[in-house]
Amino acid sequence: MVERAASVEISGKVMYCRGRWTLTHLADLERQVAAIRWPEGQGVICDASGLTALDTGGAVLFQQSLHAAHRQGPKPTVQGLRPDFEALVQLVGAQQGDRGGKGPRRHTRIERLGEAAWHQWECGLRGLAFLGETTVALVRVLSRPRSLRWRSLLRMLHIDGVNALPITGLLTFLVGVVIAYQGAEQLRKFGTNIFIVDLVGISLLREIAPLIVAILIAGRSGSAYAAEIGTMKVTEELDAVRTLGISPMDLLVIPRTLALVIAVPLLTVYADVLGVFGGMLIASGQLNVSFTEFVGRFEEAVAVRHFLIGIGKAPVFAIIIALVGCYQGFQIRGGVGDVGRHTTISVVQGIFLVIVFDAICSILLNWWDL
Amino acid sequence: MASQPASEKHQSVIEVSHVSTRFGQAVVHADVSLSVRQGEVFAIAGGNGCGKSTLLREIVGLLTPSSGTIRLFGQDSRSLEEYDGRPLHRRFGVMFQHGALFSSLTLVDNVAVPLREYTGMSPALIREIVAVKIAMVGLPPESGVKYPSELSGGMRRRAALARAIVMDPELLFLDEPTAGLDPMIAAGFDKLVLSLKGLLGLTVVMVTHDLDSLWRIADRVAVLGNGKVLGVGTMSELSQSNDPVVREYFHGPRGRAASEQAAWNGRDRNV
């Protein structure tokens, strides 16, 4: 048999502990202890004279095996334990004795359901309170435009508007191309090539360009707001701002919201142009609709209201995204892990609310025959 | 570890030789040499920005010095960066200044991380060992289910200590263990470190500003300044030093208060 670095075995009623009872060998020792069949009803004698090393983990296992023996009979007697090991075993035993409580009781399913519901209710209330607070701050700032933080507004406009131009332009251009391609297939069958203008123009201007911009901005800016404000909260920067007598609303939320309210409609116009341009390219390539024909048809087919409806939705999208992002930032409580979680929530919730609002708009506008 | 003569009276656990560190133009260490003996509490002291924490980070392998070598148990600390360094990592524990507890894990899970990573023990035994360590550092058992953000600063410090000692390391590094704790808790923490050292036979290396703590628990102190070691010795030896910076450090108003306090207490080390 291979000599083990640490072993425990029982012969008769004597339990022999040998070798190095340290963390390295504990997994092996634990299996050995579990395999022991304790003699029933007799006092086990533990011979620990063969122990050459013992650490806290080893002492815990030693204690546990004594307890296991005790369960089958009288309290075991320990022999030959080195004094320094004995001190460690006693220390561990004392600590174990201290441990009465098993932590808080686990909640039942109904309690958890109630907790979750209550939590959602509270979240809703807090969201509403945040909306109210922002409105008040907005009215206050707008009634005294000098108190608006222009520098920060311009900086946000640059970051969230100007810097977003390439990506929004490219994406809507590609979406215009995709729509035109899909439409071309169908329209060619009926020989109604010229209607590609209606298809691309109306769908892009009214629905798709504003949505694409909103989704991009939610991913780009909404998440950044949540992470930024959340990190400021974790590092107590927000508290510092408050103690300086500056309202975080004025400093952070208002400039960001206004920046998006200005930037998103502008980006939407820009996206409209590039999207339609993408459609135009495909129309001339696939359907022989020349640029002049396209533009001529565009004037008569696409009513101005489609453009206005699209642009009109954009500021609302902007407000939704900015407020959700900032709100989630303020909700961060604990540590760094929370930042990631709330950033994700801000994006998902932002896009969700944007689409819900868009759907409501569609239904209402349909009622009013617009 | 053949390079370590076994006959040496005090075996050195850490051997820092001719280390210099530069960050761009800034020279942090010009030529630092130190050795830490087995079983002692070794403190690294010095003013802000003298490179104490940098030295600590170099010893535990988080930073590589620009030149010079650092040996841990006779092995080059550079090997810590590689996968082969894992056995060496098991032999020391580090407690970071702000705890560096994993914020996504509860206290119990935080302390259990090294055990789960390095051993194949059953969850039940791991729980038991973790509970003992948590009790050892003086945290109440019910705090085990809490997340780091729900703990106070002092408790977080204790939890970090529990994680650092859970593998029963031979060597324990403490980065500013008492900074920001109130004097009572700081004294308690010092006591805790000493008692753990006695129980587990630890060698302790700590970086600290806390003069009270230096008088209370340090066997030897190295004072860093101007990128060099200005002096190494016991606190009483250092307080006799002729070096102006060391004198300033120990004989400033706070240094005097701490040494008077230490004299008053008669350096009661029998914890």
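Keep in mind that this is a model prediction, so the values were computed, not measured.
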(request) Check whether more than 12 heavy atoms from other residues, nucleotides or ligands sit under 6.0 Å from atom CD1 of A:Ile110, and answer yes or no. (result) no
(message) If you count every heavy atom of other residues, nucleotides or ligands that lies below 6.0 Å from A:Glu236 atom CD, does the total exceed 12?
(response) no
(message) Sub-4.5 Å heavy-atom contacts with chain A: which residues of residues 156-168 of chain B show up?
(response) B:Val166, B:Met167, B:Asp168
(message) So A:Leu26 and B:Thr119, do their side chains get closer than 4.5 Å, heavy atoms only?
(response) no
(request) Compare all side-chain heavy atoms of A:Leu61 with those of B:Glu128 and state whether any distance is below 4.5 angstrom. (result) no
(request) Pick one of side chain, backbone, both or neither for A:Thr24, based on which atoms fall under 4.5 Å of a heavy atom in chain B. (result) both
(message) Please classify the contact of B:Ile134 with chain A as side chain, backbone, both or neither, using a heavy-atom distance under 4.5 Å.
(response) neither
(request) Measure B:Lys133 against the heavy atoms of chain A and call it side chain, backbone, both or neither at under 4.5 Å. (result) side chain
(message) Under the rule for side-chain contact (heavy atoms from CB on, under 4.5 Å), what residues qualify as partners of A:Met232, not counting sequence neighbours?
(response) A:Glu237, A:Leu238, A:Leu252
(message) Please check this pair: side chain of A:Glu30 against backbone of B:Ser122, looking for a donor-acceptor N/O pair closer than 3.5 Å.
(response) yes
